[in-house]
Amino acid sequence: MSKLPAVSLADDLLRRFQQAFADSTLTAAEAQDLRQRLAAHGQQGTDPAELRHQVFRLARDRFNTFQDKAVIEWLEAASALLLPSSPPQPAHSEVYFSPGTACVEAIQRFIGQAAHRLDVCVFTISDDRITDALRSAHRRGVALRLLTDNDKLHDCGSDVQQLQAAGITVRIDRTDNHMHHKFAVADNRTILTGSYNWTRSAAAVNQENLLITDDSAIVQRYASEFARLWESMADYEGSNESGIL
């Protein structure tokens, strides 16, 4: 939409309100169009108060003439469009690096702050500090799901079996390829991702990175990918499962 002078935008808005008022019904399409034009109007730094007065005057005159209840319903819908909206809150993100304890401590906090659901998709888990945090989350009632790589179940120090034995639902891939992700989604509101493997060596000696963000668009992409992977992978039933160990 090309930028017009503020007065032209206001006149155009009033004209479109009048068009939408012709049948005393504000359709979804009309509301969407008006919302976009009101946003452009606001970007000019203009006060919507005069426009609001004109819209109310338009409805009042129509109601005084026809005593039509639909006019009041239209005015309520139009008024909602004219109310100032709260600006969206900016996303909050944090970045950590290893070696050192910054990453593992961030993971522990992330797990500890999960209130209802925690979906974990990681290559392996062998750091007892993270394992303890996951078991604590499970004990306090967080719905916890774990996706991991089948080959890493054989590794010395892998904690996946004890997590499954503790009652955490685990699924694994059954391919020759690696499920190499390292991410987690908490309450469908925040995600944790990065190169950081959930191992002791990642904290002690590796050059790794970790990102935590509540950016809703990013969260939804990771949540969708977790759901897709969860449906494609098989339940892990524990150490007695044939062909696993």
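Reckoned from all heavy atoms, side chains included, excluding hydrogens, waters and symmetry mates.
A side-chain contact (heavy atoms from CB on, under 4.5 Å) with I172 holds for exactly one of T148, V160, D235, D149; it is T148.
Side-chain contact between K152 and M179 is absent, with no heavy atoms from C-beta onward closer than 4.5 Å. Counting heavy atoms from C-beta outward, T131 and W198 have side chains that stay 4.5 Å or more apart. Side-chain contact between E105 and R109 is present, with heavy atoms from C-beta onward closer than 4.5 Å. Side-chain contact between Y236 and L163: absent, with no pair of heavy atoms (C-beta onward) separated by less than 4.5 Å. Counting heavy atoms from C-beta on, the side chains of L134 and I125 come closer than 4.5 Å.
Separating the CZ atom in F123 from the CG atom in D151 is a distance of 7.5 Å, to the nearest 0.5 Å. One distance of note links CG of L211 with OG of S195; it measures 11.0 Å at 0.5 Å rounding. Atoms CZ and CZ, on R200 and R129 in that order, are 4.0 Å from each other to the nearest 0.5 Å. One distance of note links CD1 of I130 with SG of C103; it measures 9.5 Å at 0.5 Å rounding.
Side-chain atoms of S98 and N206 form no donor-acceptor pair, as typed in the model, at a separation below 3.5 Å. S136 and R139 form a side-chain donor-acceptor contact under 3.5 Å, judged by distance and modelled atom types alone.
Qualifying ring pair (Phe, Tyr, Trp, His ring centres under 6.0 Å) partners for F183, counting only residues two or more places apart in sequence or in other chains: H181, Y222.
Transitive grouping of hydrophobic side chains (ILVMFWY, heavy atoms separated by less than 4.5 Å) keeps I218 and L192 in distinct clusters. L210 and V219 are members of different hydrophobic clusters when ILVMFWY side chains are connected at heavy-atom separations under 4.5 Å. Y196 and L147 are members of different hydrophobic clusters when ILVMFWY side chains are connected at heavy-atom separations under 4.5 Å. Linking Ile, Leu, Val, Met, Phe, Trp and Tyr residues whenever their side-chain heavy atoms come within less than 4.5 Å places F226 and M233 in a single cluster. With hydrophobic clusters built from ILVMFWY side chains whose heavy atoms lie under 4.5 angstrom apart, L153 shares a cluster with L144.
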Apply the test side-chain contact (heavy atoms from CB on, under 4.5 Å) to residues Y96 and I107: give CA-CA distance (whole Å), side-chain angles for both, the deciding distance (0.1 Å), then the verdict. CA-CA 10 Å; Y96 304 91; I107 294 172; over 6 Å; no

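Between A223 and N188, the shortest heavy-atom distance links the atoms CB-OD1, 3.2 Å. The nearest pair of heavy atoms linking S93 to T213 is OG-OG1, 2.7 Å. Residue G167 comes nearest to H138 through the heavy atom pair O-CE1, 3.5 Å, listed as atom of the first residue, atom of the second, then distance. Between A234 and R174, the closest heavy-atom pair is CB-NE, 3.2 Å.
A donor-acceptor pair under 3.5 Å is formed between the side chain of D214 and the backbone N or O of H92. Between the side chain of S232 and the backbone N or O of L229 there is at least one donor-acceptor pair closer than 3.5 Å. Not one N or O on the side chain of T199 forms a donor-acceptor pair closer than 3.5 Å with the backbone of S126.
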Could you list the donor-acceptor pairs under 3.5 angstrom formed by side chains in residues 110-122, with sequence neighbours left out?
residue	atom	partner	partner atom	Å
D119	OD1	R145	NE	2.9
D119	OD1	R145	NH2	3.4
D119	OD2	R145	NH2	3.0

